[in-house]
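Working notes for the structure below.
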Amino acid sequence: MYTFSSRLKMASFILMIVGLLGIGIGFMSAPSTVEEAKAMVASHDEGHGDTQTADASHAAADGHGEAHAEGHDAAHDEHVLHQLQNKPWAALYVAAFFFFMIALGALAFYAVQRASQAGWAPLLFRVMEGITSYLVPGGIIVFVILVLSVLHMNHLFVWMDPEVVAHDKLLQGKAGYLNPTFFLIRAAVFLGGWILYREYSRKLSLKQDASDDNSNFKLNFRISAGFLVFYLITESMMSWDWIMSVDPHWFSTLFGWYVFASMFVSGITVIAMVTIYLKSKDYLPDVNDSHIHDLAKFMFGMSIFWTYLWFSQFMLYWYSNIPEEVTYFFTRIQDFKLPFFGMVVMNFVLPLLLLMNSDYKRINWFVILTGIVILAGHYMDIFIMIMPSTVGDQWSIGIPEIGAVLFFAGLFVFWVFRALTKAPLQPKRNPFIEESKHFHY
């Protein structure tokens with residue numbers, strides 16, 4: 001039985017406390033008036049005010065009139081205020097979703113192993129079940145943020161503002177799907193279905209250890225196969241709702257797969273990292289280098305798959321040069337050039353170079369190093385999906401962003417490793433446990 005070390009528990013608490021302080025500072029430093037927002041922008045970018053003046057003068061020179069110029073400036077200032085007020089909310093949302101998607105990606109990987117009756121994986125099932133336990137607190141936090149968005153506590157989702165919808169024919173056409181009530185109902189269905197499968201599959205997994213037949217194993221196989229159908233549908237809808245709808249004028253038919261690839265590789269990466277940690281503490285004595293090698297192969301393969309989807313989405317839209325589509329990438333390249341292209345290097349180039357050699361996939365510290373790069377890269381991927389539409393060019397990676405990551409990292413570590421203490425880390429009655437013990441590649 002795994003014992004949650006006091007040192008690791010203390011570290012997770014420290015991360016949460018420091019993270020909460022950072023989140024609090026982010027919210028307290030957000031402006032509450034247009035004047036405060038203008039002062040903040042001026043302090044960070046002295047040339048921004050000159051640009052506004054030039055824009056206003058240009059509008060007046062074009063014959064639009066001084067009143068129009070003043071109205072344009074007022075609308076711009078209000079927009080900047082909303083962006084700066086969104087900054088701590090967006091930082092919180094990005095980090096909350098990122099750690100939640102790790103658990104959701106691990107759940108998908110777990111269900112795939114169950115449905116395929118993989119012989120190599122049973123030794124890792126308890127690790128996967130521990131990671132997926134975070135679906136409950138992580139899902140609740142994300143849902144609360146969505147509810148607060150519906151209650152207009154922030155401006156993350158522009159389509160939730162009735163005044164914006166009243167002047168936007170495209171959003172009016174999407175109102176049957178993008179409306180707050182239906183949005184929250186869908187979110188509740190997604191979370192309920194994912195958590196229900198996780199809890200029931202975990203229950204059957206533990207019952208199988210105490211059983212004298214394979215009935216629980218077979219039932220787990222059937223529900224896992226059915227769950228994957230539910231998962232593929234709801235995961236795509238979730239990506240449209242929770243991420244793509246922050247920029248409701250843009251859409252991509254690849255987006256569901258793109259988000260899936262990001263969460264899948266992140267989940268597998270954390271499975272590998274937690275497994276290596278537990279093995280180093282002698283809690284998984286039967287896990288060998290071949291298990292780590294297979295996990296690293298999935299990390300490598302899914303990184304390539306993510307890159308294929310990223311390039312397909314980017315290249316096709318950029319080449320077609322349709323304004324309402326290419327604008328999505330134009331804003332990211334213009335205002336987020338370093339993180340936009342940097343995360344491609346972190347999610348593709350570095351995993352390709354680090355994990356291409358088969359021998360390196362068996363070196364535990366090397367897999368951990370690559371895992372850190374992959375997780376940082378996919379955090380930046382979520383950052384790039386959310387920030388341009390919520391904070392625009394007012395983005396930065398500062399105290400709110402770092403604080404949110406630290407808080408959710410601490411909560412994730414605490415919840416996962418506490419869950420690992422609830423049952424023996426090695427299944428006893430899984431029909432494939434001996435094959436898993438003697439797995440060699």
Side-chain angles (χ1 to χ4, degrees), residues 2 101-132 201 205 217 220-221 224-225 228 231 260-308 347-348 350-375 377-378 416 420 424-428 430-441:
Y2 168 71
M101 86 170 190
I102 291 174
L104 189 57
L107 184 71
F109 188 71
Y110 173 80
V112 168
Q113 305 311 310
R114 286 283 186 188
S116 64
Q117 297 190 355
W120 72 280
L123 279 175
L124 308 178
F125 279 165
R126 293 289 185 265
V127 175
M128 299 180 201
E129 290 165 5
I131 294 170
T132 57
S201 181
S205 180
F217 173 83
N220 216 342
F221 156 73
S224 296
L228 286 173
Y231 174 86
F260 165 76
S262 191
M263 69 171 58
F264 203 56
V265 70
S266 299
I268 295 168
T269 298
V270 172
I271 292 170
M273 296 172 76
V274 173
T275 299
I276 290 172
Y277 172 79
L278 293 173
K279 179 176 170 58
S280 71
K281 301 297 182 181
D282 297 322
Y283 286 109
L284 293 172
D286 290 323
V287 171
N288 56 51
D289 290 342
S290 293
H291 293 97
I292 305 302
H293 179 272
D294 265 27
L295 288 170
K297 280 198 302 184
F298 278 110
M299 292 163 59
F300 175 81
M302 291 308 299
S303 293
I304 303 300
F305 180 57
W306 175 89
T307 309
Y308 160 72
N347 293 336
F348 169 58
L350 292 180
L352 178 70
L353 296 176
L354 294 174
L355 293 178
M356 182 180 292
N357 189 306
S358 185
D359 292 336
Y360 292 167
K361 297 184 182 76
R362 296 175 178 270
I363 303 174
N364 289 350
W365 69 266
F366 205 81
V367 175
I368 291 286
L369 175 65
T370 307
I372 293 172
V373 172
I374 289 174
L375 292 179
H378 284 284
V416 168
L420 291 171
L425 289 182
Q426 184 165 304
K428 299 175 183 177
N430 187 290
F432 295 106
I433 192 65
E434 290 302 319
E435 181 179 344
S436 186
K437 287 180 181 178
H438 300 94
F439 172 68
H440 291 285
Y441 173 79

**Q.** Step-by-step side chain to side chain contact (heavy atoms under 4.5 Å, CB included) determination, Lys428 to Ile433
**A.** CA-CA 7 Å; Lys428 299 175 183 177; Ile433 192 65; over 6 Å; no
Open item on the list: Set out, in order, the CA-CA distance, both residues' side-chain angles and the distance that settles side chain to side chain contact (heavy atoms under 4.5 Å, CB included) for Phe217 and Arg114, then state yes or no.
Closed with: CA-CA 9 Å; Phe217 173 83; Arg114 286 283 186 188; 4.2 Å; yes
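Scanning for salt bridge (Lys or Arg N to Asp or Glu O under 4.0 Å) contacts around Lys297 gives Asp294, with sequence neighbours left out.
Taking CG from Leu284 and CD1 from Ile276, the interatomic distance works out to 11.0 Å, rounded to the nearest 0.5 Å. For the atom pair Leu124 CG and Ile292 CD1, the distance stands at 7.0 Å (nearest 0.5 Å). The line from CZ of Arg126 to OG1 of Thr275 is 13.5 Å long, rounded to the nearest 0.5 Å. Here the CD1-CE distance, from Ile268 to Met302, works out to 6.0 Å after rounding to the nearest 0.5 Å. One finds the CE atom of Met299 at 8.0 Å from the CG atom of Leu375 (value rounded to the nearest 0.5 Å). Note that the OG atom of Ser280 and the OH atom of Tyr277 stand 6.5 Å from one another [nearest 0.5 Å].
Here the two rings, on Phe305 and Phe264, have centers that are 6.0 Å apart or farther.
Minimum heavy-atom separation, Pro351 to Ile374: CG-CG1, 3.8 Å. The two residues Ala296 and Leu355 come nearest to each other via the heavy atoms O-CD1, 3.8 Å. The heavy-atom pair separating His440 from Ser290 by the smallest distance is CA-OG, 3.4 Å. The nearest pair of heavy atoms linking Tyr110 to Ser205 is OH-CB, 4.2 Å. Scanning both residues, Thr269 and Gly371, for their nearest heavy atoms gives CG2-CA, 3.3 Å. Between Leu420 and Leu425, the shortest heavy-atom distance links the atoms O-CD2, 3.7 Å.
Two residues are said to be in side-chain contact when any heavy atoms from C-beta on lie closer than 4.5 Å; Pro122 and Phe125 meet this criterion. Using a 4.5 Å heavy-atom cutoff, the side chains of Asn347 and Thr307 are not in contact. Two residues are said to be in side-chain contact when any heavy atoms from C-beta on lie closer than 4.5 Å; Val367 and His293 fail this criterion. Leu278 places a side-chain heavy atom less than 4.5 Å from the side chain of Val127. Counting heavy atoms from C-beta on, the side chains of Ile368 and Asn364 never come closer than 4.5 Å.
In summary, the side chains of Thr370 and Tyr360 do not present any donor paired with an acceptor at a separation below 3.5 Å, with no hydrogens or angles considered.
In this structure, the side chain of Asn288 engages the main chain of His291 through a donor-acceptor pair within 3.5 Å. Ser436 places a side-chain N or O within donor-acceptor distance of the main-chain N or O of Leu123, the cut-off being under 3.5 Å.
Under a cut-off of 6.0 angstrom, the local environment of NZ in Lys437 is crowded, with over 12 non-hydrogen atoms contributed by other residues, nucleotides or ligands. For Phe366, the CZ atom sits in a packed shell: over 12 heavy atoms of surrounding residues, nucleotides or ligands are nearer than 6.0 Å.
Classified by interplanar angle (parallel below 30°, tilted 30° to 60°, perpendicular above 60°), the ring pair Phe439/Trp120 is tilted.
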